[in-house]
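Structure, as structure tokens:
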Amino acid sequence: MGLINTLSAATSGLAAAEYGLNVTGQNIANLNTVGYARRTVDFVEVPPGSGGGVAVAQARAVRDALLEARIRQQFPAEEQQGAIATSLAIVESSLGTPGQSIDGALGALFHSFATLALDPTSSVSRDSVVLQGQQLARAFNSMAVSFADAQRSADGDIRSGVEQINSLATQIAALNTSIGNANGADAETLRDQLGVALKSLSGLADVTVLQRPDGGADVSIGTGRALVVGGNTYALGIGSAGISGFATVTSGGVDITSEIKRGAVGGLLEVRDTLVPGYQNRLDQLAFGVAQQVNALHTAGYTATGVSGQTFFTPLTTAAGAAAALAMDPTLAGNSALVAGSLTGASGDNQTAKAIANLADARVMTGGTASMSDVWSQLVYRVGSDSQTAQARQASGQQMVDQITKLLDQVSGVSLDEEAASMLKFQRAYQANAKLFMAADSMMTTLMAMVGVA
Amino acid sequence: MRVTFSQIQGSLDAINTAAAQFARAQQQVASGKRMQRPSDDPMGTERAIQDLSAIGTIDSYSQTSGTAAARLSVLDGALSSMTDILTDALATATSGHGSTVNQITRDTASAKLLALRDGLAGSLNTTFQGVYVFGGTQSSTQPYSNATGAWVYAGNSSSVTVDTSPNRTVSLSRDGQAIAKGSDATDVFAVIETLAAAVSAGNDAAVTTGIDALSRAFTRVVKAQSQVGTDESGLADGDVQLGSLRLAATQRLSGDQDVNMAQAITQMSRAQTAYQAALGAVGTASKSSLLDYLR
């Protein structure tokens, strides 16, 4: 040990402080970089025997693999409910307000029959019956279109979701390759990017992430189907489902649509394949019931001129698609004199009109347990409560993700106060080392003067 | 615990939540409606639809009841005039009856009886907005006509009924023949014609028979009129009932749909305070850092 050693130790200290300040600068610069994990510098002592001083061991990214995995677990559920809530909000708004939708049109049709019952020979009442019948059919048609639109828009989002999954998978595979080839500090930057890509991917679908020994990640989707293995991507395909032409998700030619339950794509699939078809089915049942009930009574009646009643709505054979197909009989629509209000054929008889008017609150639907407006209100209730549930679940999922993100931030986030303190710390260390260098140097000068060198 | 920069950013969420609550409360106060869409209260929306449907049915009954009342008053008026005519006919027949009456008086009484018969036919052929009210359900054919010297009833024995409340039915038309003929062998027109002939001929026995038959017709008309009266007072009762049903349904609907203003305004001011507090907290928290103190 000697002054020369002290000089070199001071030099290493200067270098270390400079490095530390560098890392601090990097942390502050990346204050707002998404996915950036703060770096800390590990210093190691160089034993006096080996020259003394300090050496930089590594700049380490501070991560918590467990919390990162927890986010990837919570995120899919939150995104799934978010996708459902967004889609259903649109369906909800198409339902209209109470009294001004299908329920209002139903009420208006039955009311027009009640008015006809008061004066079965009135042509004005007949015209009004035809008009209200057309309004009701149109209300059903446009509601069916709204539901179909909701399905189609979910389908479009599913297609773009699958494309996003593929592009993220490609990105992850590229990052895996780079991580495998890189070493040291470079890899940390890549891992930051990998973390961001994995989080986005988990928001789209059910994915399982397996950490690779080199810090990269293998990803599988659905029930363990490979999506990314090392640098290889196994892209998802889009197939076409039967008559509807809706997208199916395929992996290696196998239809895995039913395996995707979570993430935004999972939520959209639920909207497209379960929720909206359920509403559509109820609407169809209602439209079918209305057509059946009204037609049955109407065909049994007689017009004011004693002509046997014809069908009021164009007859439907099945409930499927009834709401979209519901239409008034074109002959009747063109000639309101064909409206049947009489049951006996006598011009003043109003029993048929009265019987149809009484359908308004008769329990004729779902096996005689519900009235027509009950069926409609149940449909609205179903949509409302599904939407409410999705909103609540999304909110609680969001809170969960936020909490974990906060926890992760406590570990990995950049704290300005802390960085300011580090800055001061390294600055002081630099000053102290410089001072040491100066002291050693001055001692050296003294020594030199003694031997007459200077 | 390490407090990081992004946590301060995260408190923006708190501001957003508070702002969203404020906006929602404000919308409720502005619109006066508790629910903007079904998911705000699915159960309440379902009830609102059912309430509105119930109100629609009640309104339909009310309208029916109003029209029925007009029809009944027409029936009432027609039956009143029939009572008057029959009273007059009875008096006329009686005045032309007896040994002290001369032929001129008899002929005058006989002619008046025939005129009264036509008046009676007019009453039985009363229409309301083009609808014959004494023809049963044959509302577009004149009930009584005399084409070939005989009076023919073209109506039927059915009646047009309407529901004026969930369990009240009112008949809007009457079977003219039940009034004019009832269980007698001939209708009241034939009775009057026979009576007129008997009065003119001074056939006292036939006049007495005719007066008896006329009295039975009078009883039938009075009975029919009292039925109309019962229906009319029933309608009035029904209207009161419909009114209270509608009020109840409207109140229920309002409870489901309308916002409690006092509560909504309190909520709004609370949300506003929370919003301001969140803004203030974030503003204060991000104002200072250690960097401010380093030189």
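The chains referred to below are lettered A, B, ... by the order of the sequence lines, with proteins before strands, and numbering in each begins at 1. Just so it is clear, the values below take in all heavy atoms, side chains as well, and ignore hydrogens, waters and symmetry mates.
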I'd like to know whether Lys33(B) forms a side-chain hydrogen bond (donor to acceptor under 3.5 Å, both in side chains) with Thr97(A), so could you lay out the CA-CA distance, the side-chain angles of the two residues, the decisive distance to 0.1 Å, and finally the verdict.
CA-CA 11 Å; Lys33(B) 293 268 177 266; Thr97(A) 51; over 6 Å; no
Which is it for Val131(B) and Asp119(A) under the side-chain contact (heavy atoms from CB on, under 4.5 Å) test, yes or no, and what are the steps along the way?
CA-CA 8 Å; Val131(B) 170; Asp119(A) 189 359; 3.6 Å; yes
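One finds the OG1 atom of Thr17(B) at 9.0 Å from the CD atom of Gln398(A) (value rounded to the nearest 0.5 Å). For the atom pair OG of Ser377(A) and CG of Asp51(B), the computed distance is 10.0 Å after rounding to the nearest 0.5 Å. Atoms CG and OG, from Asp361(A) and Ser53(B) in turn, are 6.5 Å apart once rounded to the nearest 0.5 Å.
Residue contact with chain B, scored on non-hydrogen atoms closer than 4.5 Å, involves the side chain of Leu95(A) exclusively. Residue Ser158(B): no heavy atom, backbone or side chain, is found under 4.5 Å from chain A. Neither the backbone nor the side chain of Thr389(A) comes within less than 4.5 Å of any heavy atom of chain B. Proximity to chain A involves both the backbone and the side chain of Ile49(B), based on heavy atoms less than 4.5 angstrom apart. In this structure, the portion of Asn156(B) lying under 4.5 Å from any heavy atom of chain A is its side chain and not its backbone. Residue Ala89(A) touches chain B through both its backbone and its side chain, counting heavy-atom pairs closer than 4.5 Å. Asn358(A) touches chain B through its side chain: at least one heavy atom from C-beta onward sits under 4.5 Å away, while N, CA, C and O do not. Heavy atoms of Glu419(A) lying under 4.5 Å from chain B are absent altogether. Only the side chain of Met423(A) comes within contact range of chain B, with heavy atoms under 4.5 Å apart.
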Please table the atom pairs, donor to acceptor, closer than 3.5 Å between any side-chain atom in residues 66-79 of chain B and protein atoms at least two apart or in another chain.
{"residue": "Thr67(B)", "atom": "OG1", "partner": "Gln63(B)", "partner atom": "O", "Å": "3.1"}
{"residue": "Ser73(B)", "atom": "OG", "partner": "Ala70(B)", "partner atom": "O", "Å": "2.8"}
{"residue": "Asp76(B)", "atom": "OD1", "partner": "Gln225(B)", "partner atom": "NE2", "Å": "3.0"}

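Between Glu92(A) and Ser39(B), the shortest heavy-atom distance links the atoms OE2-N, 2.6 Å. Closest non-hydrogen pair, Thr121(A) versus Ser139(B), comes out as CG2-OG, 3.7 Å. The minimum heavy-atom distance between Ala117(A) and Val162(B), with the atom names listed, is O-CG1, 3.9 Å.
For the set Met35(B), Arg47(B), Gln36(B), Gln50(B), the entry with the most heavy-atom pairs within less than 4.5 Å of chain A is Gln50(B). Chain A forms the most heavy-atom pairs under 4.5 Å with one residue out of Gly136(B), Gly135(B), Ser173(B), Ser140(B), and that residue is Ser140(B). Taking chain B as the reference chain and counting heavy-atom pairs below 4.5 Å, the highest number among Ser347(A), Ala390(A), Ala421(A), Ser387(A) is found for Ser347(A). Counting heavy-atom pairs closer than 4.5 Å to chain A, the top residue among Gln138(B), Arg37(B), Gln257(B) is Arg37(B).
Looking only at side-chain heavy atoms (C-beta outward), Gln351(A) and Thr161(B) stay at 4.5 Å or farther from each other. Side-chain contact between Ser342(A) and Thr137(B): absent, with no pair of heavy atoms (C-beta onward) separated by less than 4.5 Å. You'll find the side chain of Val380(A) reaches within 4.5 Å of the side chain of Pro38(B), heavy atoms only.
Within 6.0 Å of atom CD in Gln431(A), more than 12 heavy atoms from other residues, nucleotides or ligands are found, so the atom counts as buried in its surroundings. Heavy atoms from other residues, nucleotides or ligands lying under 6.0 Å from CE of Met43(B) number 12 at most. Counting non-hydrogen atoms of neighbouring residues, nucleotides and ligands closer than 6.0 angstrom, the CZ atom of Arg382(A) reaches no more than 12 such neighbours. Environment of OH in Tyr302(A): sparse, with no more than 12 heavy atoms of neighbouring residues, nucleotides or ligands closer than 6.0 Å.
The ring pair (Phe, Tyr, Trp, His ring centres under 6.0 Å) search around Tyr144(B) returns Tyr153(B), Phe189(B), not counting sequence neighbours.
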